Undergrad: 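Please find one structure pasted underneath; my questions will follow.
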Number of protein chains: 2
Amino acid sequence: MAETEDSPVARGLLPRLIGYQLRRAQVAMFRDFARRVTAAEDITPALFGMLQVIAANPGLAQSRLAEAMGVERSAIVKVVDQLEARDLIARQPSPRDRRSHSLHLTAAGQDRLARLEELVLAHEAEFAGRLSPEEQAQLLSLLDRLHD
Amino acid sequence: MAETEDSPVARGLLPRLIGYQLRRAQVAMFRDFARRVTAAEDITPALFGMLQVIAANPGLAQSRLAEAMGVERSAIVKVVDQLEARDLIARQPSPRDRRSHSLHLTAAGQDRLARLEELVLAHEAEFAGRLSPEEQAQLLSLLDRLHD
DNA sequence: TATTGTTATACTCTATAACTATA
DNA sequence: TATAGTTATAGAGTATAACAATA
């Protein structure tokens, strides 16, 4: 049974905390990414990030990728497995170190990434469209200065 | 064996994406929260958020809390169990609906929350200290306008 | 019929520790 | 000795589906 009124829930000092607003904005943006990108191309924000870094650093070793993404190298293995199983990237033997795997985009991966970039940029433009271009640039700059 | 130079890993168009910078800033801020707050008081950002919302809405039902936090009500159960086991909150029978639990801070919970708020505000001030007060206010406003 | 709290279950993400093959 | 990739395992966090009590 529907009651009388839905008075909104109070949030104490949360709305004044940058950490809280950062988290809320990030969750909202991931939700939009899921609707616009993941639903169409089955690529999560994390996977997109991996593809970007691999594309920008051909031959990158898994350990370097792990460092760049801020996760343990053991956690990279399954991600690389997935991307390789989908023929987006390939593990190649490193010419310098026989322990190491050199990561590269496949031709299919490059095509796919080009399409993904369009979708991601459209998602960004639409979601950040609530802010003027000047405000978007300001936000980027403030966020960039916030992390080390 | 240490090699020659650590050339930083390129990140493609990630640094120009608000979603990416939002995520990085959020992760960095959670890391600082963990160092300054969780290490001292064993309260995560999520638990602190729950306490804030319960404190600001005495008698709140678990379902309302779940809605406010954006998670399923089944996921709230364990969290409330934890906070109750630590004597920070209490489940009380609702006077209006015998299915419902009214959540309240305990006296100990109120003391604890007061101390937590000091720690959290110190963490915020320190972390956001890289930005001027005007910039911090600007960031808060931009983030607030970004989510629905 | 619908909602509240609960349980069981599964899935994702991540960290730790140990192993192997190389360096 | 140290590092690269791998595996196994465990712990959060979250979603889904079902259930009993109550509305």
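The shown structure was predicted, so the numbers you read here are calculated from the model rather than taken from an experiment. Below, chains carry the letters A, B, ... as their sequence lines are ordered, and counting in each starts from 1.
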Undergrad: Output the rounded distance in Å from CG (B/L47) to C1' (D/dT14).
TA: 15 Å
Undergrad: Are a donor atom and an acceptor atom from the side chains of B/E117 and B/Q52 found within less than 3.5 Å of each other?
TA: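 Side chains of B/E117 and B/Q52: pair found under 3.5 Å.
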Undergrad: Are B/E67 and B/R64 within salt-bridge range, i.e. N to O under 4.0 Å?
TA: yes
Undergrad: Rounding to a whole Å, what distance do you find between A/H101:NE2 and C/dA23:C1'?
TA: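 Taking atom C1' of C/dA23 as the reference, NE2 of A/H101 is at 15 Å.
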Undergrad: Where the side chain of B/S94 meets the backbone of B/H101, is there a donor-acceptor pair that is under 3.5 Å apart?
TA: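 Side chain of B/S94 to backbone of B/H101, a donor-acceptor pair under 3.5 Å: no, none is there.
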Undergrad: With respect to the side chain of B/S100, which nucleotide from C/dG5, D/dT6, D/dT22 is positioned closest?
TA: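 Nucleotide nearest to B/S100's side chain: C/dG5.
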Undergrad: Taking the six-membered ring of A/F33 (Phe, Tyr or Trp), confirm whether the NZ or CZ of A/R31 is under 6.0 Å from its centre and within 45° of its axis.
TA: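 Not flagged: A/R31 not positioned over aromatic ring of A/F33.
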Undergrad: Less than 4.0 Å between a side-chain N and a carboxylate O, is that true for A/D32 and A/R35?
TA: yes
Undergrad: Could you state the atom-to-atom distance from CG of B/D97 to P of C/dG5 in whole Å?
TA: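 Taking atom P of C/dG5 as the reference, CG of B/D97 is at 8 Å.
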Undergrad: Could you check which residues of residues 54-84 of chain B get a heavy atom under 4.0 Å from DNA chain C? Sort them by number, please.
TA: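 By residue number: B/A61, B/Q62, B/S63, B/R64, B/R73, B/S74, B/V77.
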Undergrad: Ignoring backbone atoms, test whether B/R98 places a side-chain nitrogen or oxygen under 4.0 Å from the OP1 or OP2 oxygen of C/dT3.
TA: no
Undergrad: Can a side chain N or O of B/R96 be found less than 4.0 Å away from OP1 or OP2 on D/dT22?
TA: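 Looking at the OP1 and OP2 atoms of D/dT22, neither is under 4.0 Å from any side-chain N or O of B/R96.
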Undergrad: Just wondering, do B/T106 and B/R112 contact through their side chains at under 4.5 Å, heavy atoms?
TA: no
Undergrad: What about B/R99: does its side chain form a donor-acceptor pair under 3.5 Å with the base of C/dT3?
TA: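 Side chain to base: pair found, below 3.5 Å.
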